[in-house]
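We name chains A, B, ... by the order of the sequence lines, and we start the count at 1 in each one.
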Amino acid sequence: SQTIHQWPATLVQPVGSPLSLECTVEGTSNPNLYWYRQAAGRGLQLLFYSVGIGQISSEVPQNLSASRPQDRQFILSSKKLLLSDSGFYLCAWSSGQSYEQYFGPGTRLTVT
Amino acid sequence: AQSVTQPDIHITVSEGASLELRCNYSYGATPYLFWYVQSPGQGLQLLLKYFSGDTLVQGIKGFEAEFKRSQSSFNLRKPSVHWSDAAEYFCAVGRGGNKLTFGTGTQLKVEL
């Protein structure tokens, strides 16, 4: 069966520090991968999605970037965090042409 | 552009009572529709999905949803709510590129 992992689970970082969040998927090949940010009362905002290694599409301009160095690994990064980057970050995957997405447990990021 | 509206931000029901969570979508063609549930601090879990065919779909944990094209709705129902159903519920519609647009969520509180 497929599983999706995210780490760290929680993170507290000062403004201006770098960021690296990791997501890995097991039990499937060539998944579509997604990064979302969730702010209270605002639902889920799609940040990035990827259909293959090195293929990243950005949904909104922001202080963040994403990379996919391996088939089942998706990384969310920032060079300098802003207070507004605080939130709950979720990684998800889907297979092939499916719209059905499966989510990881999330990372709570607090920028101080 | 596709959009999803969940008109109820908060809903409170008594344990054992029936539940209906509303979802309205805007989409030009036959939509792919989903309901997800999120417990505090957790990722999203897929409850059920509609792609085509029977307009009444069954999901996990005793939930069901009915697709009504004439009303552009996909409401989630459960005949008898359990205290463990307290969570946030998200409706989502598929859009191009295997992506989903999410509603802003409905927070369900269950009174014992």
Quick one: do A:L44 and B:L44 satisfy side chain to side chain contact (heavy atoms under 4.5 Å, CB included)? Show the steps, please.
CA-CA 10 Å; A:L44 278 76; B:L44 276 70; 4.0 Å; yes
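- Tracing side-chain contacts under 4.5 Å through hydrophobic residues (I, L, V, M, F, W, Y), one reaches A:L81 starting from A:Y36; they form part of the same cluster.
- Of the listed residues (B:F51, B:F102, B:F90), the greatest number of heavy-atom pairs within a distance under 4.5 Å of chain A belongs to B:F102.
- Clustering ILVMFWY residues whenever any of their side-chain heavy atoms sit less than 4.5 angstrom apart, transitively, puts A:V25 in the very cluster that holds A:L21.
- Between B:N98 atom CG and A:E100 atom CD the span is 12.0 Å, to the nearest 0.5 Å.
- Summarising the geometry, atom CG belonging to B:L100 is positioned 4.0 Å from atom CD belonging to A:Q101; distances are rounded to the nearest 0.5 Å.
- B:I60 is connected to B:F74 through a chain of hydrophobic side-chain contacts under 4.5 Å among Ile, Leu, Val, Met, Phe, Trp and Tyr, so both are in one cluster.
- More than 12 heavy atoms of other residues, nucleotides or ligands lie within 6.0 Å of CH2 in A:W7, so this atom counts as buried by the packing criterion.
- Grouping the Ile, Leu, Val, Met, Phe, Trp and Tyr side chains by contacts below 4.5 angstrom, directly or via other members, places B:F67 apart from B:L46.
- Between A:Y99 and B:R95, the shortest heavy-atom contact is CE2-O, 2.6 Å.
- Only the side chain of B:Q38 comes within contact range of chain A, with heavy atoms under 4.5 Å apart.
- No side-chain donor-acceptor contact under 3.5 Å links B:Y32 to the backbone of A:S98.
- Heavy atoms closer than 4.5 Å to chain B are found in the side chain of A:E59, but not in its backbone.
- There is a path of hydrophobic side-chain contacts, each under 4.5 Å, that joins A:L19 to A:F48.
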